[in-house]
Engineer: 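My questions will all concern the structure given below.
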Amino acid sequence: RPPRSTPKPSSAASDVYKRQLMNEYSPESFEKKDLPFHVKRLSPSIGGEIHGVDLSKPLGLELKELIYEALLVYKVIFFRDQNISTEEHINFSKNFGELEIHPFAPKKEDFPEVLVITHNENSKGRENTWHSDVTWRKEPSLGSVLRMIQKPAHGGDTLFADMYAAYDGLPDHVKEKLDGAIAVHDFANFRNRLIKEGKSAEEIQAFNEEYPMPEHPVIRTHPDTQKKVIYVNAAFTQYIKDWEEKDSKEMLTYLYSRSSVPEYQCRFAWEENSIAFWDNRACQHYANSDYWPNIRKVERVTIIGDRPY
């Protein structure tokens, strides 16, 4: 992926620096550029549909960098009418980093990097919790690239929440309290499913040893934009380290609720061959499970990220 390095400010320059960051990664500034594609915004701060790009073709360096910059600006970008192959899906994703292999989810035959997520009358959607992908890893995801293979006739939208805006909206005393706070994450939901599927105690212990509960900042800094972001989620965060249990639960419940604020959100209505590419370091998502018993099938490729700080 195209690396970005932005120097950190002195305290005296922090207000100016914040304004510079807002301008550098604002949709208004980005859309003034001479872009080789058109952007249709889904909300004032999060979500942009990219029109005029064919993802079946290799990306040139300039286009790759602009797509990545668009990801930083909009936190999630969308592409319509992309009838691409699995190989092309993988190749597009590899432009932005190494791909992970998910240890627990179903994979596409011959393509271990591709998660196949299918729901139907025998399998209700389970992704209807606000979350950022795989925060139970020591180095969680940079981003995910998801393609709609089969959409339900109605429903099945995905919502995305701008966790920069969520952080900015916190009261100052909460920001101060969370400065330096560390949260512990875990793959508990997957572990419970593995137990139900009949995995032995030895197999579960092997997973526990391979994926020990990582510690991440409650408020992380995005490595490219240097913006602060709420980085706890109801799917994988367990507790805030060194806090009283009651205080931890109350704070986490409050922080989880921030993604549900409509002013921080956009909503994407899928069509077949639509693609979403979201930044797991800057936003959370919620797959609406309102379509049961109809079929919804997607394929996801996930790009490995860095250790949060």
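Model, not experiment: these values are computed from the prediction. Keep in mind that the numbers below use all heavy atoms, side chains included, and drop hydrogens, waters and symmetry copies.
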Engineer: Atom CZ in Arg258, atom CG in Asp168: separation rounded to 0.5 Å?
Structural biologist: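 Interatomic distance, Arg258 CZ to Asp168 CG, rounded to 0.5 Å: 13.0 Å.
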Engineer: With side-chain contact (heavy atoms from CB on, under 4.5 Å) as the test, pick out the partner of Phe277 among Ile77, Ile50, Leu146.
Structural biologist: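 Running side-chain contact (heavy atoms from CB on, under 4.5 Å) over Ile77, Ile50, Leu146 with Phe277 returns exactly one hit, Ile77.
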Engineer: Mark yes or no: Lys151 above the aromatic ring of Trp270, with NZ or CZ under 6.0 Å from the six-membered ring centre and no more than 45 degrees from the axis.
Structural biologist: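 Negative - Lys151 is either too far from the ring of Trp270 or too far off its axis.
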Engineer: Is Ser132 close to Tyr231 at the side-chain level, that is, under 4.5 Å between some pair of heavy atoms?
Structural biologist: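 Yes - at least one pair of side-chain heavy atoms lies under 4.5 Å apart.
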Engineer: Any chance NZ of Lys107 has more than 12 other-residue heavy atoms, nucleotides or ligands included, within less than 6.0 Å?
Structural biologist: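 It does: Lys107 NZ has more than 12 such atoms within range.
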Engineer: So Ile219 and Val229, side-chain contact (heavy atoms from CB on, under 4.5 Å) or not? Walk me through it.
Structural biologist: CA-CA 6 Å; Ile219 306 300; Val229 53; over 6 Å; no
Engineer: Identify whether the distance between the nearest side-chain nitrogen and carboxylate oxygen of Lys246 and Glu250 falls below 4.0 Å.
Structural biologist: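 Salt bridge present between Lys246 and Glu250.
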Engineer: Roughly how far, to the nearest 0.5 Å, is CD1 of Ile295 from OG1 of Thr118?
Structural biologist: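 Here the rounded value is 8.5 Å.
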Engineer: I'd like to know if Lys249 and Glu245 make a salt bridge, using a cut-off of under 4.0 Å between side-chain N and carboxylate O.
Structural biologist: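 Looking at Glu245 together with Lys249, the answer is yes, because their closest N to O distance falls below 4.0 Å.
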Engineer: Mind listing the closest non-hydrogen atom pair of Tyr309 and Pro223 along with its distance?
Structural biologist: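 Heavy atoms only, the tightest pair is OH-CA, 3.5 Å.
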Engineer: Is the backbone of Val232 close enough, under 3.5 Å, to the side chain of Gln284 for a donor and an acceptor to pair up by distance?
Structural biologist: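 Such a contact is found between Gln284 side chain and Val232 backbone.
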Engineer: Could you tell me whether the side chain of Pro103 reaches within less than 4.5 Å of the side chain of Tyr211, counting heavy atoms only?
Structural biologist: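 Yes - at least one pair of side-chain heavy atoms lies under 4.5 Å apart.
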Engineer: Nearest heavy-atom pair of Pro140 and Pro308: which atoms, and what distance?
Structural biologist: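 Taking every non-hydrogen atom into account, CD-CD, 3.6 Å.
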Engineer: Taking atom types as modelled, find out whether Arg300 and Thr302 have a side-chain donor-acceptor pair closer than 3.5 angstrom.
Structural biologist: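 Yes, Thr302 and Arg300 have a side-chain donor paired with an acceptor closer than 3.5 Å.
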Engineer: When you look at Leu99 and Ile90, which way does the side-chain contact (heavy atoms from CB on, under 4.5 Å) test go after all the steps?
Structural biologist: CA-CA 8 Å; Leu99 307 184; Ile90 290 171; 3.7 Å; yes
Engineer: Just verifying a value: how many Å separate Glu98 CD and Leu142 CG, rounded to the nearest 0.5 Å?
Structural biologist: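 Spacing of CD (Glu98) from CG (Leu142) equals 12.0 Å.
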Engineer: Report the C-alpha distance between Thr221 and Gln226 in whole Å, list the side-chain angles of each, state the deciding distance to 0.1 Å, and finish with yes or no for side-chain contact (heavy atoms from CB on, under 4.5 Å).
Structural biologist: CA-CA 5 Å; Thr221 301; Gln226 297 298 309; 3.8 Å; yes
Engineer: Indicate if Phe92 and Val114 have the same hydrophobic cluster label, given that clusters are the connected sets of ILVMFWY residues with side-chain heavy-atom separations under 4.5 angstrom.
Structural biologist: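 Yes.
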Engineer: Can you check whether Ile230 reaches Tyr164 side chain to side chain, under 4.5 Å on heavy atoms?
Structural biologist: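 No; the side chains remain at least 4.5 Å from each other.
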Engineer: Could you tell me whether the side chain of Glu100 reaches within less than 4.5 Å of the side chain of Arg137, counting heavy atoms only?
Structural biologist: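 Arg137 reaches Glu100 side chain to side chain.
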Engineer: Just checking, any donor-acceptor pair under 3.5 angstrom between side chains of Ser144 and Asp133?
Structural biologist: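 Checked: Ser144/Asp133 side chains pair up, N/O donor to acceptor below 3.5 Å.
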Engineer: How far apart are the closest heavy atoms of Leu42 and Phe268, and which atoms are they?
Structural biologist: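 For Leu42 versus Phe268, the nearest heavy atoms are CD2-CD1, 4.1 Å.
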Engineer: Return the minimal non-hydrogen interatomic distance between Asp290 and Gly155, and the atom names on each side.
Structural biologist: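 Minimum heavy-atom contact is OD1-CA, 3.4 Å.
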Engineer: How far apart are the closest heavy atoms of Ser56 and Ile84, and which atoms are they?
Structural biologist: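 Taking every non-hydrogen atom into account, N-CG2, 3.7 Å.
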Engineer: Is the centre of the Trp278 ring less than 6.0 Å from the centre of the His285 ring?
Structural biologist: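 Under 6.0 Å, so yes.
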Engineer: For the residue pair Phe190 and His102, categorise the inter-ring angle as parallel (less than 30°), tilted (30 to 60°) or perpendicular (more than 60°).
Structural biologist: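 Plane angle over 60°, so perpendicular.
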Engineer: Is the side chain of Asp247 donor-acceptor paired with the backbone N or O of Glu244 at a distance under 3.5 Å, no angle test?
Structural biologist: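 Between the backbone of Glu244 and the side chain of Asp247 there is no qualifying donor-acceptor contact (under 3.5 Å).
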Engineer: So does Lys57 pair up with Glu88, basic N to acidic O under 4.0 Å?
Structural biologist: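 So Lys57 does not pair with Glu88 through a salt bridge.
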Engineer: From Asn280 CG over to Ile303 CD1, what is the distance, rounded to the nearest 0.5 angstrom?
Structural biologist: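 Answer for the CG-CD1 pair, Asn280 versus Ile303, is 9.0 Å.
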Engineer: Using a 4.5 Å cut-off on heavy atoms from C-beta on, say whether the side chain of Ser274 contacts that of Phe79.
Structural biologist: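 Contact flag for Phe79/Ser274 side chains = no.
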Engineer: May I ask you to check whether over 12 heavy atoms, not counting those of Lys175, lie within 6.0 Å of atom NZ?
Structural biologist: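 Yes.
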Engineer: Can a cation-pi geometry be assigned to Lys177 and Trp243, taking NZ or CZ under 6.0 Å from the six-membered ring centre and within 45° of the ring axis?
Structural biologist: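 Output yes; distance and angle both within limits.
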Engineer: Using the ring of each side chain (for Trp, its six-membered ring), is His131 parallel, tilted or perpendicular to Phe236, with breaks at 30° and 60°?
Structural biologist: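 If you compare the ring of His131 with that of Phe236, the planes turn out perpendicular.
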Engineer: Does Lys75 pair with Asp162 as a salt bridge, N-O distance under 4.0 Å?
Structural biologist: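 Here Lys75 pairs with Asp162 in a salt bridge, since their nearest N and O are under 4.0 Å apart.
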Engineer: Verify, without hydrogens or angle tests, whether Arg296 (side chain) and Gly156 (backbone) share a donor-acceptor contact under 3.5 angstrom.
Structural biologist: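 Side chain of Arg296 to backbone of Gly156: a pair is present.
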Engineer: Does a donor on one side chain and an acceptor on the other come within less than 3.5 Å for Thr158 and Asn288?
Structural biologist: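 Thr158 vs Asn288: no donor-acceptor pair found between side chains.
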Engineer: Under a plain distance cut-off of 3.5 Å, with no hydrogens placed, do Ser26 and Ser29 share a side-chain donor-acceptor pair?
Structural biologist: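 Present: a donor and an acceptor within the cut-off.
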Engineer: Has His119 got a side-chain atom pairing as donor or acceptor with Lys124's backbone, closer than 3.5 angstrom?
Structural biologist: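 Yes: the side chain of His119 pairs with the backbone of Lys124.
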Engineer: Does Thr135 offer a backbone N or O that forms a donor-acceptor pair with the side chain of His216 under 3.5 Å?
Structural biologist: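 A pair under 3.5 Å: yes.
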Engineer: For atom CG of Asn208, is the number of surrounding heavy atoms from other residues, nucleotides or ligands below 6.0 Å larger than 12?
Structural biologist: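 Yes.
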Engineer: Show the numbers, then the answer: is there a side-chain contact (heavy atoms from CB on, under 4.5 Å) between Tyr254 and Leu170?
Structural biologist: CA-CA 10 Å; Tyr254 171 67; Leu170 294 176; 3.7 Å; yes
Engineer: Do the side-chain N and O atoms of Glu203 and Ser200 include a donor-acceptor pair separated by under 3.5 angstrom?
Structural biologist: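 Per modelled atom types, Glu203 and Ser200 side chains form a pair under 3.5 Å.
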Engineer: For Asn95 and Tyr68, which I'm curious about, is there any donor-acceptor pair between the side chains at under 3.5 Å?
Structural biologist: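 Result is no, nothing qualifies.
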Engineer: Which heavy atom in Tyr264 sits nearest to a heavy atom in Gly169, and how many Å separate them?
Structural biologist: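 Where Tyr264 meets Gly169 most closely, the heavy atoms are OH-CA, 3.7 Å.
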Engineer: For Tyr167, does the six-membered ring have the charged nitrogen or CZ of Lys227 within the cation-pi criterion, i.e. under 6.0 angstrom from the centroid and within 45° of the normal?
Structural biologist: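 No, a cation-pi geometry is absent between Lys227 and Tyr167.
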Engineer: Side-chain heavy atoms nearer than 4.5 Å, only ILVMFWY residues, links allowed to pass through others: does that put Val301 and Leu115 together?
Structural biologist: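 Each belongs to a different hydrophobic cluster.
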Engineer: Is the Phe104 to Phe207 ring centre distance short of 6.0 Å?
Structural biologist: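 Yes, they do, as the ring centres are separated by less than 6.0 Å.
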Engineer: Counting only heavy atoms not in Glu87, do more than 12 sit closer than 6.0 Å to its CD atom?
Structural biologist: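 Enclosed.
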Engineer: Can you tell whether the side chains of Glu49 and Arg41 come within less than 4.0 Å, N to carboxylate O?
Structural biologist: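 The answer is no: the pair does not qualify as a salt bridge.
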Engineer: Do Lys241 and Glu215 sit within salt-bridge range, that is, some charged N less than 4.0 Å from a carboxylate O?
Structural biologist: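 So Lys241 pairs with Glu215 through a salt bridge.
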Engineer: Report yes if some heavy atom in the side chain of Asp186 is under 4.5 Å from a heavy atom in the side chain of Arg191; otherwise report no.
Structural biologist: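 When only atoms from C-beta onward are counted, Arg191 and Asp186 do touch, with a gap below 4.5 Å.
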Engineer: Tell me, do Asn233 and Trp130 make a side-chain contact under 4.5 Å, heavy atoms counted?
Structural biologist: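 In short, these two side chains do not touch, never coming nearer than 4.5 Å.
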Engineer: Does some side-chain heavy atom of Asp81 sit less than 4.5 Å from a side-chain heavy atom of Asn273?
Structural biologist: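 SC-SC contact between Asn273 and Asp81 ruled out.
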Engineer: Do Ile149 and Val145 land in one hydrophobic cluster if side-chain heavy atoms of ILVMFWY residues count as linked below 4.5 Å?
Structural biologist: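 No, because Ile149 and Val145 fall into different hydrophobic clusters, even though each may have its own neighbours under 4.5 Å.
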Engineer: Taking atom types as modelled and ignoring hydrogens, do the side chains of Thr86 and Lys108 form a donor-acceptor contact shorter than 3.5 angstrom?
Structural biologist: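 Yes, a side-chain donor-acceptor pair sits under 3.5 Å.
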Engineer: Just verifying a value: how many Å separate Asn128 CG and Arg126 CZ, rounded to the nearest 0.5 Å?
Structural biologist: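 Between atom CG of Asn128 and atom CZ of Arg126 there are 10.5 Å.
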Engineer: Hey, what do you get for NE2 (His222) to CZ (Arg281), rounding to the nearest 0.5 Å?
Structural biologist: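 Reported to 0.5 Å precision, the distance equals 3.5 Å.
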Engineer: Would you call Arg307 and Glu139 a salt bridge, using N to O less than 4.0 angstrom?
Structural biologist: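 No, this pair does not count.
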Engineer: Are Phe78 and Tyr74, when compared by the centres of their aromatic rings, separated by less than 6.0 Å?
Structural biologist: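 Not under 6.0 Å, so no.
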